[in-house]
K.L.:
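Here's a structure for you.
Residue numbers run from 1 in the order of the sequence given. Because only heavy atoms are used, hydrogens play no part in the values below, and waters and symmetry mates are left out as well, while side chains stay in. Quick caveat: nothing in here was measured; it's all calculated off a predicted structure.
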Amino acid sequence: MSPLNSETLGVPGARIYFEVRGEGPLLLLIGGGNSDAAVFKRLADVLAGSHRVVTYDPRGNSRSVLDGPPVDQKVEEHADDAYHLIEHLADPGESVYVFGSCSGGLTALELAIRHPDRVRSVVAHEPPVLSILPDAEQHLALLDDICGTHLRAGMLPALTKLQALHGGRPAPALPEVHNNTDFFLTHFLRPFARFVPDLTALEEVADKVVWAGGHASREDLVHRPTLVLAGRLGREVQLFPGGHVGYARYPADFAERLVEVLTPVVDAVDTRRARSTGGRQ
């Protein structure tokens, strides 16, 4: 197991807790929903054999405390947090690998749009862009109902309704430092589910993006936006072991697949860059 270093980084409105493992090209892992850095521990331990792996608690979750009272979260602020971590940890001018799952995929996409020079390639694993679906109104109404149920009846009935995003199955138990479900249902779920990346800007960085999803979640609602976005950009969806959180259940197989899909993207980007500069890097 690679030695673990942990610190906190002050950013506007919060302090971000992060962990660093391994040596090599920097790879930033961005969790989704109510997850914190613990959800990536096993995956990061595997990847640390070939990468300098950075995991962190998204702002408002676990050890990444807000400077003020809880407020509704914004994808743009989360992308800025990821950028500040890169600026703090990467070498000057270094571009990095990024993996983002679920709402972390939204953060990763926004990061690539805002700072393409700092992102070498990004894997967006089932980002929940429900607003892009043809039946979006129905699904957004469901999320409103989930949030309302949480306020009226409590967490467990709300989480039961949330199963509709995952084929009617309960969410698997995931490692976490603290339970962030109340913050997720109160300040996270609704604003993130309504976020749509700038599709024109996304086209400009399309060669950096790998659209990904789980073998076991291909029929789930949470997988559908990935298919739509990849189709719009003329890309195929790369399947990974397990379902929506396959990285937690099958870390070794998932890590192998992640490195496998990142390499062709980097090679293709480097080839195009060389052609545009006449071979001068």
Side-chain angles (χ1 to χ4, degrees), residues 1-2 19-33 35 37-56 82 95-109 111-112 119-129 166-167 169 171-175 205-220 222-231 233-271:
M1 183 181 299
S2 177
E19 300 175 349
V20 182
R21 295 170 173 83
E23 298 290 339
L26 196 150
L27 170 57
L28 179 68
L29 305 181
I30 308 177
S35 295
V39 78
F40 286 130
K41 180 184 182 303
R42 295 171 65 202
L43 178 66
D45 283 341
V46 177
L47 289 166
S50 57
H51 292 77
R52 187 181 182 210
V53 185
V54 179
T55 60
Y56 68 101
S95 57
V96 309
Y97 301 107
V98 181
F99 170 81
S101 181
C102 194
S103 57
L106 298 177
T107 301
L109 292 172
L111 172 66
V119 175
R120 191 164 177 78
S121 58
V122 55
V123 175
H125 188 269
E126 296 184 339
V129 193
H166 305 282
R169 298 182 299 274
L174 297 174
V205 295
D207 60 351
K208 294 177 179 284
V209 179
V210 175
W211 299 96
H215 276 281
S217 51
R218 285 174 292 172
E219 304 301 321
D220 295 353
V222 75
H223 187 85
R224 286 178 55 200
T226 306
L227 295 172
V228 173
L229 286 166
L233 296 170
R235 297 294 195 271
E236 295 182 356
V237 175
Q238 303 297 320
L239 294 178
F240 276 66
H244 190 58
V245 290
Y247 50 85
R249 296 192 64 186
Y250 309 104
D253 292 340
F254 203 98
E256 181 180 357
R257 181 65 172 140
L258 180 57
V259 173
E260 178 185 339
V261 301
L262 284 172
T263 302
V265 175
V266 173
D267 289 345
V269 171
D270 286 346
T271 298

K.L.:
Minimum heavy-atom separation for G246 and F254, please, with both atom names.
P.N.:
C-CD1, 3.6 Å

K.L.:
So, using side-chain hydrogen bond (donor to acceptor under 3.5 Å, both in side chains) as the criterion, who are the partners of R249 when residues are at least two apart?
P.N.:
none

K.L.:
Looking at every non-hydrogen atom in both residues, tell me the closest pair between V119 and A112 and how far apart they are.
P.N.:
CG2-CA, 3.9 Å

K.L.:
In Å, rounded to the nearest 0.5 Å, how long is the span from OG1 of T55 to CG of L43?
P.N.:
9.5 Å

K.L.:
To the nearest 0.5 Å, how far apart are CG in L26 and OH in Y97?
P.N.:
10.5 Å

K.L.:
Out of the candidates D207, T226, V210, only one should pair with R235 under the side-chain contact (heavy atoms from CB on, under 4.5 Å) rule; please name it.
P.N.:
D207

K.L.:
Please list, chain by chain and in numerical order, all residues satisfying side-chain contact (heavy atoms from CB on, under 4.5 Å) with V245, sequence neighbours excluded.
P.N.:
P172, L174, Y247

K.L.:
Do K208 and R120 touch side chain to side chain, with heavy atoms closer than 4.5 Å?
P.N.:
no

K.L.:
Just how far is it from atom OG of S217 to atom CD of E126, taken to the nearest 0.5 Å?
P.N.:
3.5 Å

K.L.:
Once rounded to the nearest 0.5 Å, what's the spacing between atom CG of D253 and atom CG of L258?
P.N.:
12.5 Å

K.L.:
Let me confirm one number: the CG-OH distance from L29 to Y56, rounded to the nearest 0.5 Å.
P.N.:
9.5 Å

K.L.:
Kindly indicate whether the side chain of F99, heavy atoms from C-beta on, has any atom under 4.5 Å from the side chain of H125.
P.N.:
yes

K.L.:
For R257, what residues pass the side-chain hydrogen bond (donor to acceptor under 3.5 Å, both in side chains) criterion, not counting sequence neighbours?
P.N.:
Q238, E260

K.L.:
Specify the closest pair of heavy atoms between A82 and L111, including all atoms of both residues, with the distance to one decimal.
P.N.:
CB-CD2, 4.0 Å

K.L.:
Can you name the closest pair of heavy atoms from C102 and G32 and give their distance?
P.N.:
CB-CA, 4.4 Å

K.L.:
When rounded to the nearest 0.5 angstrom, what distance separates CZ in R52 from CZ in R21?
P.N.:
13.0 Å

K.L.:
Partners of A108 by side-chain contact (heavy atoms from CB on, under 4.5 Å), sequence neighbours excluded?
P.N.:
I30, V98, V122

K.L.:
Does R169 have any salt bridge (Lys or Arg N to Asp or Glu O under 4.0 Å) partners at least two apart in sequence or in another chain, and if so, which?
P.N.:
D220

K.L.:
Would you mind reporting whether L47 and F40 have side-chain heavy atoms less than 4.5 Å apart?
P.N.:
no

K.L.:
Does R218 reach the side chain of L239, with side-chain heavy atoms less than 4.5 Å apart?
P.N.:
yes

K.L.:
Could you give me the CA-CA distance, side-chain angles and deciding distance for H166 and V222, then say whether side-chain contact (heavy atoms from CB on, under 4.5 Å) is met?
P.N.:
CA-CA 6 Å; H166 305 282; V222 75; 4.0 Å; yes

K.L.:
Could you pull out all residues at least two apart from A216 that satisfy side-chain contact (heavy atoms from CB on, under 4.5 Å)?
P.N.:
none

K.L.:
Sequence neighbours left out, what passes side-chain hydrogen bond (donor to acceptor under 3.5 Å, both in side chains) with H51? Give chain and number order.
P.N.:
none

K.L.:
Residues in side-chain contact (heavy atoms from CB on, under 4.5 Å) with S103, at least two apart?
P.N.:
F188, F192

K.L.:
So which atom in A44 and which in V53 form the shortest heavy-atom distance, rounded to 0.1 Å?
P.N.:
CB-CG1, 3.8 Å

K.L.:
Evaluate V129 against L229 for side-chain contact (heavy atoms from CB on, under 4.5 Å), listing each step before the verdict.
P.N.:
CA-CA 9 Å; V129 193; L229 286 166; 3.7 Å; yes

K.L.:
Restricting to salt bridge (Lys or Arg N to Asp or Glu O under 4.0 Å), what partner residues turn up for R42, sequence neighbours left out?
P.N.:
none

K.L.:
Locate the shortest heavy-atom distance separating S50 from P25; write the atom from each residue and the value.
P.N.:
O-CD, 3.5 Å

